[in-house]
Number of protein chains: 2
Amino acid sequence: MNKTKVSIKDIAQKAGVSTALVSYVLNGKEKESRVGQEIATKVRQIAAELNYQPSHLAKSLRSGKTHTIGLVIADISNPFFANIARVVEDEAKRNGYTVIIGSSDENASKSRDLLEVLINRQVDGFIIVSSENSEDQIRSLNDRHIPFVLLDRYFPEIPTDFVSTDHYRASYDAATHLVKNQYKHIGMIAYDSQMFHMHERIRGYQDALRDNPINAHEHWLKRVKISAIDTGVKAAIDTMLATDQPVDALLFATYSLAVSGLKYINKLGVRVPDDLAIVSFGQAEVFELYHCPITYIKQPIGLLGQTAVELLVKKLTHKPTEPEQILMKAELIERASSKTHKTLIT
Amino acid sequence: MNKTKVSIKDIAQKAGVSTALVSYVLNGKEKESRVGQEIATKVRQIAAELNYQPSHLAKSLRSGKTHTIGLVIADISNPFFANIARVVEDEAKRNGYTVIIGSSDENASKSRDLLEVLINRQVDGFIIVSSENSEDQIRSLNDRHIPFVLLDRYFPEIPTDFVSTDHYRASYDAATHLVKNQYKHIGMIAYDSQMFHMHERIRGYQDALRDNPINAHEHWLKRVKISAIDTGVKAAIDTMLATDQPVDALLFATYSLAVSGLKYINKLGVRVPDDLAIVSFGQAEVFELYHCPITYIKQPIGLLGQTAVELLVKKLTHKPTEPEQILMKAELIERASSKTHKTLIT
DNA sequence: AGGATTCGCTTAATCGGTTAAGCAACGGCA
DNA sequence: TGCCGTTGCTTAACCGATTAAGCGAATCCT
């Protein structure tokens with residue numbers, strides 16, 4: 001039938017009016033623009049007949065708004081981020097926005113490139129799960145007045161909007177839970193990272209031990225390079241189990257660390273939780289399927305994502321306000337992997 | 001400094017030339033357009049000084065090309081699709097394309113909406129993991145000459161480009177593997193779906209049994225509604241274990257079915273593989289972490305995604321050619337869950 | 001009746017680029 | 001000298017919308 005897409009011009013022609021008139025009608029500006037009833041009806045009808053779909057590009061060019069959100073995450077193939085992405089996608093759609101997702105690989109320079117590409121694409125704003133050493137980029141966005149909301153990770157020294165889990169609290173609660181369940185030698189494997197959320201997770205663990213009080217052994221806390229998880233985790237576990245006070249419980253700071261660690265623990269034949277209790281950040285089916293279901297810290301992914309979108313949309317449509325900073329509570333899902341320690345009778 | 005984004009006009013002004021000239025220079029058309037050496041250099045320098053970034057929107061509006069690919073998948077939070085998404089994202093970026101991902105939830109009407117939204121956004125083409133009952137949509141894309149490539153799932157009766165796993169072969173091989181390892185009562189849990197790839201997976205299983213030959217019991221093959229996986233899988237497993245010829249091996253047709261099934265098997269206390277051997281489609285860390293690592297069918301996700309992008313880009317840049325239809329071989333990763341059956345001495 | 005309003009619509013500029021066509025100046029050639 | 005071709009640049013149309021401004025004609029008001 002129609003060779004090409006139908007434009008406002010086609011409608012105007014068929015109705016014998018100007019394109020301006022058509023635009024007014026189709027934007028519901030008939031009242032303000034004093035368009036005649038008959039003509040308005042006619043235009044609308046023709047538009048429907050021709051199945052007119054306005055060009056997003058043209059609209060955007062004119063208005064400077066693309067109704068597109070850039071979502072920057074570390075890696076879409078990590079289930080935590082994939083879930084975030086899903087929630088953000090849905091919530092954005094509900095608000096009339098389209099999402100472009102980019103993976104930064106926890107890499108500041110990739111993240112920078114990504115941001116530039118997306119800025120070029122004229123996204124209206126960003127939702128960012130920032131990676132290490134990206135403070136400059138965030139500051140730069142601030143300086144350029146590009147709207148964005150940080151998700152789950154933030155920089156306390158930079159005044160930005162953010163929505164995040166209360167990592168400190170989550171970690172504190174997890175460690176406390178282990179103490180309550182009679183574990184005495186509680187270790188933690190975290191990333192060797194300057195990211196604030198990681199510091200918070202570590203601080204929560206440390207404070208929980210201090211408050212309970214447990215004298216932490218120097219080898220109980222290990223930081224693993226994000227670039228060499230498997231070897232790092234292996235070494236960490238080896239060390240922790242070989243000290244004079246071997247750990248009887250282990251807190252993993254991320255999903256990836258846990259997966260790597262559990263694999264190795266399996267290989268070693270260490271029994272969970274009898275030899276070693278486990279609690280981990282991140283949620284996934286993995287933890288249900290492990291022969292001994294894993295206790296995990298469930299971050300409020302749905303709420304995080306929704307709130308982030310909500311905040312961003314608010315920034316995009318309203319006047320800029322004070323930065324909103326929201327911390328959400330994680331939930332500790334208690335499973336068998338950290339059940340009350342059976343103190344061995346010696 | 002600069003209040004607004006710098007446009008070609010700003011450069012033209014600063015250089016004292018027309019915008020056309022600037023456009024020619026910045027597009028490397030100096031030769032064809034006979035632009036003077038000096039002026040060209042000057043323009044380029046000014047562009048660099050002002051950190052000029054051309055407006056994607058304006059370019060797209062004029063050219064009709066957005067250099068954007070729409071990726072339609074069932075659900076980004078499913079690891080299989082997340083991995084696909086990651087590969088497609090990377091490969092597209094390498095080719096200068098941006099990806100917009102949309103989740104269809106295996107739902108034809110959502111998929112239709114998604115396609116329309118993305119068409120409206122003027123994506124240049126699609127990569128689609130189609131969902132049930134979406135043949136019409138695919139045909140419609142064909143009729144409208146919108147370029148697309150089907151990924152992993154295709155409709156044999158519709159002439160389209162596609163890149164897919166050889167589902168039949170993968171399934172045939174998996175079932176044969178179980179036979180070889182001395183299992184006699186091999187069951188399969190699949191989706192109750194009209195999708196061709198699911199039929200192929202089932203057909204592969206059936207043919208493998210027939211060829212070996214094993215007389216399949218009517219209760220060995222169960223189809224589960226995609227909308228009620230957990231209850232369906234539970235019922236299926238219950239039935240399969242309760243027949244006069246209870247299954248001693250089970251092939252799951254998808255990752256989701258396997259996760260659900262393994263949970264239930266765990267709960268039942270059925271031992272893998274002694275009581276029940278397991279093989280599943282889909283790959284994920286889950287399968288490594290299960291107390292008994294799970295044999296799985298590893299689809300060539302990287303290649304699938306790369307090839308799909310490659311094919312699409314070719315269609316977008318070259319003249320339309322004959323539909324290319326590519327089947328790729330999956331790899332059976334053999335783990336403990338399907339190791340050779342110890343025939344019990346009675 | 002005649003100036004002021006109101007009504008209903010059109011004109012044209014604009015967003016930021018691309019690109020066919022044209023124009024002036026210059027050099028070469030007969 | 002006159003014609004032609006080349007060189008180097010500009011003009012202006014175009015992509016598809018939005019929107020301020022303007023312009024006749026009808027209507028109101030006194």
Below the 4.0 Å mark, does [N] have OP1 or OP2 next to a side-chain nitrogen or oxygen of [X]?
X     : N      : answer
B:S18 : D:dT10 : yes
A:K29 : D:dT19 : yes
B:K5  : C:dC15 : no
A:S23 : D:dT18 : yes
A:K59 : D:dT18 : yes

Nucleotide nearest A:S7 when distance is taken to its side chain, options D:dA17, C:dG16, D:dC14: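 Given the options D:dA17, C:dG16, D:dC14, the side chain of A:S7 is closest to D:dA17.
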Measure the distance from [atom1] on [X] to [atom2] on [N] and round it to the nearest whole Å.
X      : N      : atom1 : atom2 : value
B:Q122 : D:dG16 : CD    : P     : 8 Å
B:N27  : C:dT18 : CG    : P     : 4 Å
A:K31  : C:dG8  : NZ    : P     : 11 Å
B:I8   : D:dT10 : CD1   : P     : 13 Å
A:L26  : D:dT18 : CG    : P     : 8 Å
B:Q37  : D:dG8  : CD    : P     : 9 Å
A:E32  : C:dC7  : CD    : C1'   : 15 Å
A:R121 : C:dG16 : CZ    : P     : 18 Å

Side chain A:Y52 and base D:dA17 donor-acceptor under 3.5 Å: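 Donor-acceptor pair under 3.5 Å: no.
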Between the side-chain atoms of B:R34 and the base atoms of D:dT7, is any donor-acceptor pair under 3.5 Å?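 Donor-acceptor pair under 3.5 Å: no.
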Check this for me: does any side-chain nitrogen of one of A:D10 and A:K14 sit under 4.0 Å from a carboxylate oxygen of the other?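 Here A:D10 does not pair with A:K14 in a salt bridge, since their nearest N and O are not under 4.0 Å apart.
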What nucleic acid atoms does B:I39 come within less than 4.0 Å of, heavy atoms only: base, sugar-phosphate, or nothing?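 Answer is sugar-phosphate: B:I39 comes under 4.0 Å of backbone atoms only.
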Earlier contact from the 5' end, DNA chain D, for A:Y24 and B:A40: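 Mapping each residue to its closest nucleotide by heavy atoms, the 5'-most match is B:A40.
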By nearest nucleotide on DNA chain D, pick out whichever of B:G16 and A:Q53 is the more 5' one.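 Checking each residue's closest nucleotide, the 5'-ward one belongs to B:G16.
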Is a donor on one side and an acceptor on the other found under 3.5 Å between the side chain of A:E132 and the backbone of A:A108?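 It does not hold such a pair.
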A:E322, CD atom: more than 12 neighbouring heavy atoms under 6.0 Å: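 No, the 6.0 Å shell around CD holds no more than 12 heavy atoms from other groups.
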What about B:F196 and B:F155, are their ring centers closer than 6.0 Å?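 Not under 6.0 Å, so no.
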Identify, between B:A20 and B:L61, the residue whose nearest nucleotide on DNA chain C lies closer to the 5' end.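 Closer to the 5' end of DNA chain C: B:L61.
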Given B:S109, B:S104, B:S103, the one that forms side-chain contact (heavy atoms from CB on, under 4.5 Å) with B:N107: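 By the side-chain contact (heavy atoms from CB on, under 4.5 Å) criterion, B:N107 pairs with just one of B:S109, B:S104, B:S103: B:S109.
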